[in-house]
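Read the structure below first, then the notes.
For clarity, every value in this text was computed on a predicted model and none was experimentally measured.
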Amino acid sequence: QVQLVESGGGLVQAGGSLSLSCAASGRTSSGYTMGWFRQAPGKERDFVARITWRGTSTYYADSVKGRFTISRDNAKNTVYLQMNSLKPEDTADYYCAAGLRYLSTSANEYLYWGQGTQVTVSS
């Protein structure tokens with residue numbers, strides 16, 4: 001069993017920055033691929049970014065490429081999402097997830113999920 005807890009969400013003006021953290025506990029493994037997903041009101045859950053366990057492979061949704069950076073600190077069992085140049089369309093609940101597949105951008109391939117943290121970007 002793995003527990004994931006996101007933090008760092010909040011309200012920010014367009015063009016601003018926000019950093020999200022996801023702390024893992026329980027039977028964690030550095031072998032997990034970690035992903036970030038988001039879900040806006042009335043919308044489906046969308047992929048944002050993912051990182052492999054060594055951090056040598058990252059991948060981003062086109063909508064956030066060049067603005068968001070995913071990273072991880074395996075010693076702390078924590079994954080981060082640095083969000084810069086935020087736009088109103090980035091407003092959503094953000095979730096971190098852990099999975100065993102090496103390369104995965106699909107939500108149904110992740111095994112463990114956090115409770116989510118709200119991000120609101122104002123104009």
More than 12 heavy atoms of other groups within 6.0 Å of [X] [atom1]:
| X | atom1 | value |
| --- | --- | --- |
| Arg101 | CZ | no |
| Gln118 | CD | no |
| Lys65 | NZ | yes |
| Gln13 | CD | no |
| Glu44 | CD | no |

Cluster partners of Phe37, using ILVMFWY side-chain heavy atoms under 4.5 angstrom, listed by chain and number?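 ILVMFWY cluster around Phe37 also holds Phe47, Tyr59, Tyr95, Tyr110, Trp113.
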
Kindly give the cluster partners of Leu103, where membership spreads through any ILVMFWY side chain lying under 4.5 Å from a current member. Tyr102

Could you tell me which residues satisfy side chain to side chain donor-acceptor pair (under 3.5 Å) with [X], sequence neighbours excluded, listed by chain and number?
| X | value |
| --- | --- |
| Asp93 | none |
| Ser106 | Asn108 |
| Asp46 | none |
| Thr105 | none |

Looking at [X] and [Y], what are the two nearest heavy atoms and their distance?
| X | Y | value |
| --- | --- | --- |
| Ser123 | Ala14 | CA-CB, 4.4 Å |
| Ser17 | Ser85 | OG-N, 4.4 Å |
| Glu109 | Ser104 | OE1-OG, 2.7 Å |

Look up atom [atom1] in [X] and atom [atom2] in [Y], then write down how far apart they are to the nearest 0.5 Å.
| X | Y | atom1 | atom2 | result |
| --- | --- | --- | --- | --- |
| Asn74 | Met34 | CG | CE | 9.5 Å |
| Leu20 | Thr117 | CG | OG1 | 6.0 Å |
| Cys96 | Glu6 | SG | CD | 4.0 Å |
| Leu100 | Trp53 | CG | CH2 | 13.5 Å |
| Ser21 | Leu4 | OG | CG | 12.5 Å |
| Asp90 | Ser63 | CG | OG | 7.0 Å |

Is there a chain of hydrophobic side chains (I, L, V, M, F, W, Y, each step under 4.5 Å between heavy atoms) that links [X] to [Y]?
| X | Y | answer |
| --- | --- | --- |
| Tyr94 | Tyr112 | yes |
| Tyr80 | Ile51 | no |
| Phe68 | Val12 | yes |

For Thr52, does its backbone N or O pair with a side-chain atom of Tyr32 as donor and acceptor, under 3.5 Å?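 Flag not set: sc Tyr32 to bb Thr52 has no pair under 3.5 Å.
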
Using modelled atom types only, decide if a donor and an acceptor are shared between the side chain of Arg72 and the backbone of Thr78 within a distance under 3.5 Å.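 Side chain of Arg72 to backbone of Thr78: no pair is present.
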
Is there a side-chain contact between [X] and [Y] in this structure, where contact means two heavy atoms from C-beta onward sitting under 4.5 Å apart?
| X | Y | answer |
| --- | --- | --- |
| Gln82 | Asn84 | yes |
| Tyr60 | Arg67 | no |
| Trp36 | Val79 | yes |
| Leu81 | Val48 | yes |
| Ser122 | Leu11 | yes |

Between Lys43 and Arg38, is the side chain to side chain contact (heavy atoms under 4.5 Å, CB included) condition met? List the steps. CA-CA 9 Å; Lys43 300 291 185 178; Arg38 66 187 182 185; over 6 Å; no

